[in-house]
Amino acid sequence: MSEYVAMEDLDRKAKRARKKELKKIKPGNLERREARVGYLFMLPWIIGAAMFLAYPLGASFYYALNNIRITTMGKVFTFVGYGNFTQILLSDADFPVQLVDYILSTVISVPIIVVFALVIAMMLNQPIHGKGFFRAVFFLPVIIVSGPILSMLTEQGAGSISAIDTQAIGSAIKGVLPSIIADPISDLFENMITILWYSGVQILIFLSGLQKIDKSMYEAAKIDGGSGWECFWKITLPNLKSMILLNAVYTVVFISNNDQNAIIGLIKSSMFSGTKEKGYGYASAMAWLYALIVLILVGLFALMLTTRKGAYEKQVKRAKKAVKTEARQRKKIERRNRRNAKRIERQRARGKIITRKTDSTGY
């Protein structure tokens with residue numbers, strides 16, 4: 001009996017010790033002051049997001065549910081529900097076609113831009129003379145070729161390769177693939193210069209990631225006989241997985257918000273259309289459908305490029321799971337022992353178990 005009582009006392013002490021460990025420690029004055037400073041720095045972004053993001057999103061969704069006409073008395077709202085969305089998907093002849101072209105071109109362009117940026121970043125990370133000059137050359141189009149300048153260069157044909165040079169490539173592609181896939185690939189080759197202009201920011205992001213990789217890992221791999229290709233697949237690429245995801249998402253958003261995007265021009269033309277069917281409400285519905293497609297593309301790229309747990313992390317997870325399983329089994333055994341001890345006490349109290357008294361000799 002004394003053994004069961006001692007076991008219960010140890011169990012109660014263990015529970016009290018566990019509660020003390022799990023009890024949250026109240027932050028000190030320094031931590032609270034640092035937290036207040038952090039919230040203070042976040043306050044401008046919160047105010048800006050509420051004023052310039054939350055309100056416009058709500059207003060545009062309200063516009064999408066109405067047919068808006070601008071008169072001398074101001075804006076006249078006529079509630080149409082989801083009429084604008086159904087009209088766009090069922091009656092509009094341009095938007096669905098442009099949307100399909102955008103999806104195909106984005107799915108093809110994003111991997112090319114990311115891979116090109118990675119290759120250039122690895123070349124610029126080598127110990128060569130004039131690295132700063134070459135980095136500036138690749139990043140300069142991001143600063144110069146934007147806005148009206150990009151539109152001007154595109155109109156003059158500076159951002160695309162002539163059709164004569166890409167005719168053979170386009171004919172070969174169309175002879176192998178269906179037209180719905182061959183046309184975006186052909187357009188990709190024609191606009192290759194413009195696409196490469198979009199890779200400046202991605203190159204800088206990859207450069208920052210490459211410079212954070214410990215060089216001793218490469219030295220150890222080379223001592224073990226690893227080749228450059230093996231170092232790339234085993235060291236460089238795993239350490240740049242998060243950067244690849246960031247660049248892919250950035251590229252999708254950049255291409256989607258670019259002025260050269262045909263859907264952006266279509267939304268603007270619908271917004272300032274003088275017809276009764278179109279206008280601000282119709283354009284807002286277009287923008288919401290377009291934003292939904294962009295979010296789906298971002299989610300797909302994020303799903304494909306999300307970093308998976310390595311072998312070491314899996315072993316750690318299995319070890320933690322084994323520890324938790326062992327703790328549950330130990331608790332189960334302790335509960336069973338307590339139930340047995342209580343049952344034995346009840347039976348002894350009822351006289352079903354007779355405790356035999358022994359003398360000093362044990363008989």
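Residues take their numbers from the sequence shown, with the count starting at 1. For the numbers below, each heavy atom of this structure counts, side chains included, while hydrogens, waters and symmetry mates do not.
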Flag the pair [X] / [Y] as yes when at least one side-chain heavy-atom distance between them is below 4.5 Å, and no otherwise.
X    : Y    : result
I255 : I113 : yes
F85  : Y282 : no
R338 : R335 : yes
I244 : F206 : yes

Does the [X] side chain pair with the main chain of [Y], one donor and one acceptor, at a distance under 3.5 Å?
X    : Y    : value
N84  : A64  : yes
D214 : S216 : yes
S105 : Y102 : yes

Once rounded to the nearest 0.5 Å, what's the spacing between atom [atom1] of [X] and atom [atom2] of [Y]?
X    : Y    : atom1 : atom2 : result
K212 : L240 : NZ    : CG    : 11.0 Å
L57  : S284 : CG    : OG    : 11.0 Å
L104 : L99  : CG    : CG    : 10.0 Å
L210 : M243 : CG    : CE    : 9.0 Å
I213 : N239 : CD1   : CG    : 4.5 Å
S270 : D94  : OG    : CG    : 8.5 Å

Are [X] and [Y] in one and the same hydrophobic cluster, where Ile, Leu, Val, Met, Phe, Trp and Tyr link if side-chain heavy atoms are under 4.5 Å apart?
X    : Y    : value
Y82  : L89  : yes
V80  : I68  : no
L305 : V119 : yes
M304 : V249 : yes
V37  : M42  : no

Could you check whether atom [atom1] of [X] has more than 12 heavy atoms from other residues, nucleotides or ligands sitting under 6.0 Å from it?
X    : atom1 : value
F41  : CZ    : no
F61  : CZ    : no
E326 : CD    : no

Which heavy atom in [X] sits nearest to a heavy atom in [Y], and how many Å separate them?
X    : Y    : answer
P111 : I108 : CD-O, 3.4 Å
M217 : I235 : O-CD1, 3.5 Å
A262 : Q98  : CB-OE1, 3.2 Å
D92  : P96  : O-CD, 3.4 Å
A283 : I267 : CB-O, 3.7 Å

For residues 286-302, tabulate all N or O donor-acceptor pairs below 3.5 Å that involve a side-chain atom, not counting sequence neighbours.
from : atom 1 : to   : atom 2 : distance (Å)
W288 : NE1    : S60  : OG     : 3.1
Y290 : OH     : S256 : O      : 2.7
Y290 : OH     : N261 : ND2    : 2.6

Parallel, tilted or perpendicular, as decided by the 30° and 60° cut-offs, for the rings of Y62 and F77:
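Ring orientation of F77 relative to Y62: tilted.
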Classify the ring geometry between W233 and W229 as parallel (under 30°), tilted (30 to 60°) or perpendicular (over 60°).
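Judged by the thresholds at 30° and 60°, the geometry between W233 and W229 is perpendicular.
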Who pairs with R336 by side chain to side chain contact (heavy atoms under 4.5 Å, CB included), at least two apart in sequence or on another chain?
K332, I333, R339, N340
